[in-house]
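What follows is one structure encoded as structure tokens, with my remarks underneath.
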Amino acid sequence: MDKTYSPTDIEERIYRHWEQAGLFAPNGAGPCFCIVIPPPNVTGTLHMGHAFQDTIMDALTRFHRMAGDRTLWQPGMDHAGIATQMVVERQLNAEGQSRHELGRDRFVERVWHWKEQSGGTIARQMRRLGASVDWSRDRFTMDPGMSSAVQEAFVRLHEDGLVYRGKRLVNWDPVLKTALSDLEVLSVEEDGHLWHINYPLADGSGQLTVATTRPETMLGDTAVAVHPEDERFRQLIGRRISLPLSGREIPVIADAYVDPAFGSGCVKITPAHDFNDYEIGQRHGLPLINILTADAAIGDAAPERYRGLDRFEARKRVVADLEAAGLLAQIEAHRLMIPRGDRSGAVVEPWLTDQWYVRIEPLAIPAVRAVEEGRIRFVPGNWDRTYFEWMRNIKDWCISRQLWWGHRIPAWYGPDGAVYVGRSEDEIRARHGIAPGVALIQDEDELDTWFSSALWPFSTMGWPEDTREFRSFYPTSVLVTGFDIIFFWVARMIMMGLKFTGDVPFREVYVHGLIRDNEGQKMSKSKGNVLDPLDVVDGITLDALVAKRTSGLMQPKLAPAIAKATRKQYPQGIAAYGTDALRFTFAALATQSRDLRFDLGRVEGYRNFCNKLWNASRYVLLATDGDADQGSGTLSLADRWIRSRLDAAILAVRDGFSQYRFDLAAQAVYEFTWYEFCDWYLEFSKPVLQSADSTADELRGTRRTLIVVLEALLRLLHPLMPFITEEIWLRVGPRAGSTGDSIMRQPYPAAEPGAADPRLAAEMRWVMDFILGIRRIRGELDIAPSLRLSVLLQNASDEDLAHLARNAASIRRLAGIAEARALAAGETAPQAAAALL
RNA sequence: GGGUGCUUAGCUCAGUUGGUAGAGCGUCGCCCUUACAAGGCGAAGGUCGCAGGUUCGAGACCUGCAGCACCCACCA
């Protein structure tokens, strides 16, 4: 073995070996264990969060595979409708083209092309991270099989009355020009104004003042509402208003929704442009006047003067016109919640359109029950409250998107406007007896990406076909995911899984925290604090890192500040720490906390740990060179002690894995390796191996222990640090009597059943404390290590003397002393430094 | 407005049925002792956010308060 651990030399070679040997496929006859990967968006590259999540899934997968389970980690990627379409559209725009110029078919072709390229990058990253997924089962959400599963699900939901088409207010993104679900709209508090506007009564007998944050929508007002009990306005209920700027007459209505204490106590009602107003409009039978176009400009239903103006331009003109007319009573500064599209950042408009919806309540009820009854368990357990909270207030899910990239909605329209839902045009013609001459036109819209994601645990297994994979691996064992997509994904998988398979999609949901930078900030391109996991693995120069962080920014003016901060934080660039160090860092980071701060210092620390393991292994190999497997020999105190400590470590690590406490597992194995195996046991082995007085049996006992403990330790560590453990194991395994060409298929260590011997532990403790006492004296008095000390025991018990006698050689060596003896009775102690034992 | 977390060593965090406070990184000494200077040996450093309560005993359990963070929500 080389003197220094060098990860780049070994990792890629080992992964190739594993993959070529087919070691990632399910194997053996044990119980099935399965994880489906949360499919990353094809369009991107893996970020730290993915690498973290992949590390956890891979550790679980390797742990279960070694424990004898028939194990599948199902890989795949997501087409990510909006996100991917935006990326490709941006590429087109950079070339001076638009998708509309290109046309739908050629645009989709282009996206496929990009998908091939981008998907390859992700697969390479996963390999570099050591992910032991079964590549032969790789899936993409738009593969033919997956698409037909999506279609099947839609058709069946429709047949059961759980999918419907409806015209109602929907969240409309006027930049992307598509509908969005509630979840894709983020409300952000922003500065705005509250405009108080005088609305004159139609008969000229007075006026009412309304307060609004959106004056331009008054062009679509169809009523003014007051609270029914509000004495100030009671006599106005039922009177008519002459709506300024439009000249239409609208009624004053009474509705308990109105809060008399807010604003002016009078609310303008615009049913076509506000969700609350829509409800009020429904209650009072008010007309809907849609004054906006798809890109949120003023449309034909508004007075001519405003048509064609963007909504914010229109707002200015409306306010100016009101002011000119003397109708603007007051302008107040006002903080309000602005809804924005999570992808485009555009202010979302409530807009009246036809969309497809999933009737969600009938699906949510059994999904809530599955968690209540413990058929699905969240880890940590508290996340079920978040789940319940959302599921019990859930609203119908808008699933149609006005996009080009995705699963086309399997609905066709006849010339009479009739809607037919089916698996294909042929099926629909056959079922409904529609003649070939009658034109059927397929719905132009695509499905929400999350609709196909919701089917992922069973669509990847071949559903709706009854496949062997489905029968073996569904329900899957555990879902590993971040809390940010519990609503988007986890809840919907549970609902769809129960609906279509009659069973839960997974038995446990391990909800991990989110990786942030070392200051607790979310990693994002615009903050310039993004780290590519492979740059930590393979290293990167400072200049290359700066270039990476400052290129392709949405706001190029941020580049200098990002460059400066990067140069300050990583003056030397980033060293090549290797995958194992990165993975161990992720494991150690995986506490139950929501925010996990990533710090390169920790990676360095765990790279050092790899180096420690590497060098300890070199020592063991050297010390056991030529030692054949001929029985265990005679075990020393230290030999028996380290074997019992190994058992304790095995228990702790297994416990950590079974409770998804990867941090505790990592800590236990780290402490055992460094503090017990290396700091103590290897040192105890030296006097035995290097003494001329040791018997052959004693030598063998210690050599066997060295190799047996190291071999087990490698297996114990393997799920977290797959590469270095394989590299070393290939040398150590045979010497420990193992056959087999990979550590991956070796059994996971199990603790010996016998209970730890307390007398053994006590004697070892005594010996260690003795040594520590001498070392402390030496440290405090600055005594050179080369100076051999003499030690006198005062008030020593018979037991002390027995301990000393049995372990004199070890103590002499590790404490650096010449001799130790008890003071005779009546002998006075000379002037000396003292330590209490 | 509703919900969920967090507050322990300079920094980042563990602390699983309540039993004399731990780790990593950082800091300070000494040491190139043939596995390892990416190291060894030793040391310093905490009234566990605040105030009550339960208990023989509380970082942990209960109540209140303060600060921080996140999620959900229709006050125009």
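A note on names: the letters A, B, ... follow the listed sequences, proteins ahead of strands, and every chain is numbered from 1.
- A search for side chain to side chain contact (heavy atoms under 4.5 Å, CB included) contacts involving Glu190(A) returns Val188(A), Ile338(A), Arg340(A), not counting sequence neighbours.
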Would you sketch RNA chain B in dot-bracket for me? Only Watson-Crick or G-U wobble pairs with both distances under 3.5 Å count, crossing pairs as [ ], other-strand pairs as |, the rest as dots. (((((((..((((.....[..)))).(((((.......))))).....(((((..]....))))))))))))....
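- Not counting sequence neighbours, the partners of Met768(A) by the side chain to side chain contact (heavy atoms under 4.5 Å, CB included) test are Trp641(A), Trp680(A), Met764(A), Arg765(A).
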A correct 5'-to-3' footprint of nucleotides 29-41 of chain B, with B, S and - meaning base, sugar-phosphate only and no protein heavy atom under 4.0 Å, is -S----BB-BSSS
Heteroatom pairs (N/O) under 3.5 angstrom, protein to nucleotides 74-76 of chain B:
unit_1	atom_1	unit_2	atom_2	d
C74(B)	O2'	Asn276(A)	ND2	2.6
C74(B)	N1	Asn276(A)	OD1	3.3
C74(B)	O2	Asn276(A)	OD1	2.7
C75(B)	O2	Asp259(A)	OD2	3.3
C75(B)	N3	Asp259(A)	OD2	3.1
A76(B)	O2'	Ala211(A)	O	3.3
A76(B)	N6	Asp259(A)	O	2.5
A76(B)	N6	Phe262(A)	O	2.7
A76(B)	N1	Asp259(A)	N	3.0

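- Put simply, CZ on Phe584(A) is 12 Å from P on C25(B), counting in whole angstrom units.
- Of the P atoms belonging to C56(B) and G18(B), the separation is 15 Å, rounded to the nearest Å.
- Here the C1' atom of nucleotide G24(B) and the CZ atom of Phe586(A) are 17 Å apart, to the nearest Å.
- Among residues at least two apart or in separate chains, side-chain hydrogen bond (donor to acceptor under 3.5 Å, both in side chains) pairs with a member in residues 603-613 of chain A are Arg602(A)-Tyr606(A), Asn611(A)-Asn615(A).
- The cationic group of Arg168(A) lies under 6.0 Å from the six-membered ring centre of Tyr357(A) and within 45° of the ring axis, placing it in a cation-pi geometry.
- Below 30°, between 30° and 60°, or above 60°: for Phe584(A) and Phe609(A) the angle between ring planes is between 30° and 60°, a tilted geometry.
- Considering only heavy atoms from C-beta on, Leu706(A) comes within 4.5 Å of Tyr619(A) through its side chain.
- Put simply, the side chain of Asp517(A) never gets that close to the backbone of Asn529(A): no donor and acceptor are under 3.5 Å apart.
- Judged as a side-chain hydrogen bond (donor to acceptor under 3.5 Å, both in side chains), the pairs with a partner in residues 656-671 of chain A (not counting sequence neighbours) are, in order, Glu508(A)-Tyr660(A), Asp655(A)-Gln659(A), Arg661(A)-Asp663(A), Gln667(A)-Glu671(A).
- Put simply, NE2 on His512(A) is 18 Å from P on C70(B), counting in whole angstrom units.
- The separation of U54(B) from C62(B), taken at their P atoms, amounts to 15 Å, rounded to a whole angstrom.
- For C65(B) and U7(B), the C1' atoms lie 14 Å apart once the distance is rounded to whole Å.
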CA sep, side-chain torsions, deciding dist, call: Glu189(A), Arg335(A), salt bridge (charged side-chain N to carboxylate O under 4.0 Å, His left out): CA-CA 7 Å; Glu189(A) 195 177 70; Arg335(A) 295 281 291 176; 3.2 Å; yes
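- Every residue meeting the ring pair (Phe, Tyr, Trp, His ring centres under 6.0 Å) condition with Phe598(A), not counting sequence neighbours, appears here in chain and number order: Phe586(A).
- A gap of 12 Å separates the P atoms of G5(B) and C61(B), to the nearest Å.
- A side-chain hydrogen bond (donor to acceptor under 3.5 Å, both in side chains) check over residues 583-594 of chain A, counting only residues at least two apart or in different chains, returns the pairs Asp58(A)-Arg583(A).
- When the P atom is compared between G64(B) and C70(B), the two are found 25 Å apart, to the nearest whole Å.
- Atom C1' of U8(B) sits at a distance of 14 Å from the matching atom of G45(B), rounded to the whole Å.
- Take Val509(A) and apply the side chain to side chain contact (heavy atoms under 4.5 Å, CB included) test, not counting sequence neighbours, and it matches Ile376(A), Phe378(A), Leu479(A), Thr481(A), Val490(A), Phe506(A), Val511(A).
- In this structure, the side chain of Asp277(A) engages the main chain of Thr270(A) through a donor-acceptor pair within 3.5 Å.
- When the P atom is used for both G46(B) and C11(B), the distance is 13 Å, rounded to whole Å.
- Look at the P atom in both C6(B) and C25(B): the space between them is 26 Å, to the nearest Å.
- Taking atom CG on Leu186(A) and atom C1' on C70(B), their separation rounds to 13 Å, with Å as the unit.
- Partners of Gln690(A) under the side chain to side chain contact (heavy atoms under 4.5 Å, CB included) rule, at least two apart in sequence or in another chain, are Lys686(A), Arg813(A).
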Base contacts versus sugar-phosphate-only contacts with protein, heavy atoms under 4.0 Å: please encode nucleotides 3-15 of chain B as B, S and - from 5' to 3'. -BS------SSSS
